[in-house]
Every structure is written in C-alpha cells, then in structure tokens.
Amino acid sequence: MTTHHTKILIIGSGAAGCTAAIYAARASLNPILVRGMQPGGQLTITTDVENFPGFEHAIQGPWLMEQMEKQALHVGTQIIDDHIARVDLSKRPFTAVGESGDTYTADTLVIATGATARWLGIESEKKFAGFGISACATCDGFFFKGKEVVVFGGGNSAVEEALFLTNFATKVTLIHRRDTLRAEKIGQERLFKNPKISVIWDSVVEEFIGTENPNSLTGVRLKNVKTGTISEIKTDGAFIAIGHTPNTELFKGAVDMDKDNYIITTPGSTKTNVPGVFAAGDVQDKIFRQAVTAAGTGCMAALEAERFLAGH
C-alpha cells in the first residue's frame, strides 16, 4: 500500500487524460495519470480514425492512443495501472483510493473518465450479449464475415458502425425507432448509397431470438411504433449503437452533474463547482464527443490547473 502525492492527478487515459498529462508535465507539474478500466479510452475500440488532425491517411485508434501515452511518458508523466475506487473531494489535498489499495493525494484533480456505450436493457439482450449481440462493431465485426447483421440506433455511432460492418457482413440492416436519422449528413449519404445497407424505420426490439446451450442469436422480433405490427427478421448478429453514459458514478455527490450525469463545467472552461477540480473530455461533453475536442479540453484542464496552483 503506497501513498502517491502529486500536484496534479489525472484520472483516465483517453485523449483528454493523455493531453492533460502532456501539458501538465511540460509545465513541470510532475503529473500522475491513473489509467483506469479501459486504458486508452474509447479510441482503443475504434479502427480507422480519419478526423484527427495531422494525418493524411486514416490511422488506427489504438495506435493513436499508444502514441499519446508514450508522449505523456516522454515529457515526464508518471502513468500508473490502477482503477480509482473512491474519492474525497471535500478538502485539499484531494484523496483518491485505488483498487490496488494505493492512495493518491493531489493538489488539483483532472477527471477524464470518459463515457461507456449504452445498452437497450431488455432481458433477451443480456442472454445473447457476447453470443451474437455486441456494442462495438470495431471489436467484433470480424466475427461476422459473410453473415447478416443488424444495427440499432440513428446517430453518428450507429451510421459509422453500419458502414464499418459492410467490410465483413453480406447485409447490414439499420433499425431506428424514428423515421429520420440524427447522424451527420455526410454519414447518412454514405449509408444510403451503400448497396449492402437497408433501413427499417419506426421500429423497436420486442425480443432477441436464438438457440440455447450454446446461446446463439438467430433473429430479432420488432415492433413498429406507429402501427403496432410485430415482425421477425433473421440475423446472425446485432450491434447496439444508441449512445453513451458518462463514467461519473465515482463522483456522485462530490461534483455537480446534469440530469444525464455529465459533469457540469463553467462555460468556456473545465472548472467544476469544486475549486481545483477540473473535468475534460466525454465525461463533461455530451454534444461533440470527438477525440479532438476531448484532447482540446484536456489541454484546457491542465492549463487551468496550472493557473490554479500558481494562485494558491
């Protein structure tokens, strides 16, 4: 059981956390970054990244995060493999306790714990999760080579997952509860042009169907929300792409959050309601949720923490 003290503790190792670490280390603040449950964050479960500035051709998400982490180490960040189990933000220095049993004390804190994919929450979904149902096309798409799959959702992630799955599946059906998509127009254009993709509108899942022992998904029962009609379609795989939940459970009651449990920050800033505590990336951004905006707020958090320390 070790106690680590730092001027700036960063919880989370995605684009926001790594960028905060790079800026804090270059300001000679000797930051400690705790990697958390998903080292590298959501970019480690994406393949081609085409929209991160500085690269002519598509790059791989895991490679980009590996480079960010190496850069943070190179400039002087201490990176620790641990998962924070509880925090006390009622007084400074702030205290965080890891699942390892180690204690971290810090003069300032950057929360960069990101967000997690959301599930539909129906009983049959649990039964076939990992046996035909996935929330990550880039992790599991390969297993559906030459097969037919369905994707649920209507936003950017659903459109991106459907397009990505055409690399493997023979047919992709996008199922959405409304009659229009929320996704960016360029993504929609690609989707509607793709001969492998078809769309079923105004429909929700009643039940996932399959065999038992071993569990294997074979189809999905749908309900049309406008007519009430029930239909069944055969499928080998189902991908849930209906958004994300911020990883803020740890900070409930410690910092202010909105109704969706995203951490509230001062407009144009990463400051939370607790002086010396800053939040960056998808944990406080429900609008953009991009790697580049997460990195941008990570930079802001480190600079604001540096200013806070200079004033105290």
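Between the side chain of N167 and the backbone N or O of F164, at least one donor-acceptor pair lies under 3.5 Å. Between the side chain of Q284 and the backbone N or O of T265, no donor-acceptor pair lies under 3.5 Å. The backbone N or O of Y104 lies less than 3.5 Å from no partner atom in the side chain of T6, so there is not a single donor-acceptor pair. Judged by distance alone, with hydrogens and angles left aside, the side-chain atoms of T272 form a donor-acceptor pair with the main-chain N or O of V277 at under 3.5 Å.
Note on ring orientation: taking the six-membered ring where Trp is involved, the planes of F52 and F55 are tilted (angle from 30° to 60°).
In summary, R35 and D81 engage in a salt bridge, as defined by a charged side-chain N under 4.0 Å from a carboxylate O. Look at E189 and K185 and you find no salt bridge, because none of the NZ, NE, NH1 or NH2 atoms lies under 4.0 Å from a carboxylate O.
Checking H244, R289, Q42, Q290 one by one against D282, the side-chain hydrogen bond (donor to acceptor under 3.5 Å, both in side chains) holds for a single residue, Q42.
The two residues L217 and F208 make their nearest non-hydrogen contact at CD1-CB, 3.7 Å.
The distance from atom CZ of R221 to atom CD of E206, rounded to the nearest 0.5 Å, is 8.0 Å.
In this structure, a donor-acceptor pair under 3.5 Å is absent between the side chains of E69 and S13. Donor-acceptor pairing under 3.5 Å is lacking for the side chains of T248 and N261.
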